[in-house]
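A short worksheet on the structure shown next.
First the proteins, then the strands, lettered A, B, ... as listed; each starts at 1. All values reported here derive from a predicted model rather than from experimental measurement.
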Amino acid sequence: MSSFAGRMKEYPNMSLDRFDRENLHARAYFLSHCHKDHMKGLKGPLLKRKLKFSLTVKLYCSFVTKELLLSNPKYAFWEDHIVALELESPTLITLIDEASGEREELVVTLLPAGHCPGSVMFLVEGAQGTVLYTGDFRLAKGDASRIEPLHSGSRVKDIKSVYLDSTFYDPRFYQIPSRETCLHAIQGLVQDWVSRSVYHTVWLNCKAAYGYEYLFTNLGDEFHTQIHVNSLDMFKKMPEILSHVTTDRASQIHACRHPKGEEFVAACRLPCGSSSSDGTPLNIISIKPSTMWFGERTQRTKVIVRTGASSYRACFSFHSSYSEIKDFLSYLQPVNIYPSVVPIGRTHADVSQLLKSMCRDVSSSAVVYRPLGALKRTRPEQQTHDVDRADWLFEGADLAPVRKRVMMQEATPTTLPNPPDEPLPLTPLITGDYMDCTESNDDDDEEEGRDLEEEERGGEERDEGSVSNSGPPPRWEEFFTTEILTDSQPNSCSHTSPSHSTLTGSQTPELFVDDFVKLPSPSISLSAGRGPSQADGMLIQSEDRCQGDALTNLDAGGEECGSHTHQSEPTESQLSSDFDIPSTPDSHRPGPDELSDLYRRLAAGEEVVTRTGSQSL
DNA sequence: GCGATCAGGT
DNA sequence: CACACCTGATCGC
């Protein structure tokens, strides 16, 4: 949970994501996204009173965040004090002290954060240097290079401080399967289920929070349906989302919620109360999006885990993994990094120590200080790395090490693939940096004999085409319209007005980079009979997967949902949507006999050797 | 009655 | 395992 107190050292007159205590006296407020833990104090009576008497205090956020916020009547009093900003449009903001009239000018730029609809990072440029407040974010490897305002021409901007979402900044969370991988795995599971009959229904057991919408839009498109949800109110200005959700309970895919939802589903009733359409009982599976993470060398990394006869967990993360954060930081090379979250079991000192290695070394030889510089330096507030103000003190034009911009997007999609042995040009600075995390993941690393280097080589070999799949970070803003749309959308996405199509393309998570491997493997599929769009992003299924740990997830226990579940369970391939798995040369696909033996042993309750540890639930 | 905080749950 | 959130109990105003 965020322990950020709301203030940045450089710009203490602005408050971000905290609105209580000392933040009550801020000159301007910034809300990175609409999750409750970033809105502390935002509906407090003290702040409400302050607004009544203030002409200048504003809340800055994205258009989508504004819409989501105001869809809750408890925040309606903010209406006239919210300034929605466009993404990636630098905006001059003057902070005024209402008592003294003192003014301070800042340039603030909203950057897409990929955490939930409307989520942004704040890039602040002013007299105290350039700082980045990330809010909560999930960016894939290489995304920083595609965010224009982080650059100045061909250079990466000189960033003094990053206030970082360090939720998963711990080597234990080294990798989290990409959004695409997770989405495709979920699609596979849903496909297998809903194709069985119209009574086969999926319940997406999502938490009461924004962030699952891209799941709804993609599943909606894939299955030509709308997802049943409790309310459409918050999406009334977001046609792309609105067209994929419905309050009509006659849907095969539900994401409705009820405090006793789990009990309902165990009793073959959906949280909305629906239990049948025409008297025939529903056949429900539940899929609970959950964060799953894996160590640096972990290879068998299941994206879907079965937790009961008709319940599954599916990998889903709102936050960047350790390696994604490292990629982000090593691209930006800030001078300071301040963590906003201390992972459980860690101290602030632990995290700060870990983060030190990601900071630019200001004493490095890249900075050559002129002997006379100290004498010339008359303005004490000047920062040694402030390029614009202090470069006359130094040799050369730049104090910050030259950081060349990397354009991943420009990687030629149609030309020859990178040579297998050459690392992809993801960051200019590090490749070996990932080695300093070897202290980690003993616990997660169940790989016995595998050689890491071999694994990496295998990965890069297959990475060929996938570089060009990288897209820009998510732009939830493009979901937004100023019109208010009504609930009377057509009941099938296939009828959705073409006027929305321009919004669709750039929003879908296909655009996220998959760090890992995709193989155009014709022999492997998550499910049969799907279109070419799935074939492109096919997950690799390891040959040896079936021998062991995949089966350990076939939990024979758990609640049964009526008598009809057994013969209609999803097939093996749905249960083990592995990702990033290089094939093992000396492994083999188990034969039917081996498989049935394993099934028999599982059914008999015998131990089956597992390399993923206990996953029984 | 309201808000803040904590425990316990999903 | 975490996350984001909810409910209910308790405390203080």
Side-chain angles (χ1 to χ4, degrees), chain A residues 1-4 17-21 23-24 31-49 68 72 74 113-119 135-138 165-177 182 203-213 215 229-231 234 255-266 271 286-295 298 301-302 305 307-308 311-322 324-325 339-346 351 440-446 559 612-617:
Chain A
M1 207 57 53
S2 178
S3 61
F4 182 65
D17 288 353
R18 282 294 289 267
F19 310 92
D20 57 346
R21 307 162 82 95
N23 298 298
L24 285 165
L31 177 62
S32 69
H33 65 289
C34 248
H35 279 164
K36 292 281 185 337
D37 57 329
H38 289 253
M39 296 160 67
K40 212 171 180 197
L42 194 57
K43 60 172 152 49
L46 295 170
L47 195 48
K48 196 169 182 173
R49 192 163 65 218
L68 297 177
N72 183 340
K74 286 175 179 160
H115 175 71
C116 70
S119 67
D136 284 352
F137 72 97
R138 178 149 198 208
D165 168 21
S166 49
T167 303
F168 292 135
Y169 194 75
D170 181 323
R172 195 177 146 69
F173 311 120
Y174 195 89
Q175 40 178 331
I176 295 172
C182 297
W203 177 47
L204 302 169
N205 182 1
C206 299
K207 299 200 175 87
Y210 298 117
Y212 301 99
E213 292 73 15
L215 193 54
V229 295
N230 287 20
S231 168
M234 58 290 264
C256 45
R257 290 184 301 109
H258 183 280
K260 297 203 156 57
E262 312 228 351
E263 291 172 34
F264 280 38
V265 171
S286 72
I287 303 175
K288 187 176 199 164
S290 320
T291 309
M292 296 178 187
W293 58 86
F294 306 95
T298 309
T301 45
K302 256 158 290 302
V305 172
T307 55
S311 54
Y312 300 83
R313 270 172 194 270
C315 184
F316 197 93
S317 179
F318 291 171
H319 297 270
S320 277
S321 67
Y322 180 74
E324 286 166 342
I325 296 171
S340 66
V341 178
V342 176
I344 276 191
R346 294 249 174 209
V351 183
S440 69
N441 39 348
D442 309 30
D443 45 338
D444 268 334
D445 189 356
E446 73 276 8
E559 69 278 11
T612 51
S614 166
Q615 269 158 351
S616 56
L617 271 169

Atom [atom1] of [X] and atom [atom2] of [N]: how far apart are they, to the nearest Å?
X: A/Lys260; N: B/dG9; atom1: NZ; atom2: P; answer: 14 Å
X: A/Leu47; N: B/dG3; atom1: CG; atom2: C1'; answer: 15 Å
X: A/Arg313; N: B/dT10; atom1: CZ; atom2: P; answer: 11 Å
X: A/Asn205; N: C/dA4; atom1: CG; atom2: P; answer: 16 Å
X: A/Leu68; N: C/dA4; atom1: CG; atom2: P; answer: 15 Å
X: A/His38; N: C/dA4; atom1: NE2; atom2: C1'; answer: 10 Å
X: A/Lys43; N: B/dC2; atom1: NZ; atom2: P; answer: 12 Å
X: A/Arg257; N: C/dC5; atom1: CZ; atom2: P; answer: 10 Å

field: Polar pair under 3.5 Å, donor/acceptor by atom type, side chain A/Lys207, base C/dC5
entry: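 When only heavy-atom distances are counted, A/Lys207 does not reach the base of C/dC5 through any donor-acceptor pair under 3.5 Å.
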
- prompt: C/dC3 phosphate, OP1 or OP2: any side-chain N/O from A/His115 under 4.0 angstrom?
  reply: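 For C/dC3, OP1/OP2 do not have a side-chain N/O of A/His115 under 4.0 Å.
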
task: Using the side-chain contact (heavy atoms from CB on, under 4.5 Å) rule, take A/Ser311 and A/Lys288 through it: C-alpha gap first, then chi angles, then the decisive distance, then the call.
output: CA-CA 8 Å; A/Ser311 54; A/Lys288 187 176 199 164; over 6 Å; no

message: Considering every strand and a 4.0 Å limit on heavy-atom distances, what is the contact class for A/Asp165: base, sugar-phosphate, or nothing?
response: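 It contacts nothing in the nucleic acid.
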
query: NA contact type, A/Thr167, heavy-atom cut-off 4.0 Å: base, sugar-phosphate, or nothing?
result: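 If one applies the 4.0 Å heavy-atom cut-off, A/Thr167 turns out to touch the sugar-phosphate alone, with no base involved.
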
message: If you assign each of A/Met292 and A/Lys36 to its closest nucleotide in DNA chain C, which residue comes earlier from the 5' end?
response: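 Final value for this comparison: A/Met292.
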
Please pick, from [options], the nucleotide with the shortest atom-to-atom distance to any side-chain atom of [X].
X: A/Ala208; options: C/dC5, C/dA2, C/dA4; value: C/dC5
X: A/Trp293; options: B/dT10, C/dC3, C/dC1; value: C/dC1
X: A/Arg21; options: B/dT5, C/dA2, C/dA4; value: B/dT5
X: A/Arg172; options: C/dA2, C/dC1, B/dT5; value: C/dC1

message: For A/His35 and A/Asp136, which I'm curious about, is there any donor-acceptor pair between the side chains at under 3.5 Å?
response: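 The answer is no; no qualifying pair exists.
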
message: Regarding A/Ser2 and A/Asp37, do their side chains bring together a donor and an acceptor under 3.5 Å, going by distance alone?
response: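 No donor-acceptor contact under 3.5 Å links the two side chains.
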
query: Can you find a heavy atom in the side chain of A/Val341 that is under 4.5 Å from one in the side chain of A/Tyr169?
result: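 They are not in contact (no side-chain heavy atoms under 4.5 Å apart), so the answer is no.
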
- prompt: Between A/Asn230 (side chain) and A/Arg257 (backbone), is there a donor-acceptor pair under 3.5 Å?
  reply: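 A pair under 3.5 Å: yes.
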
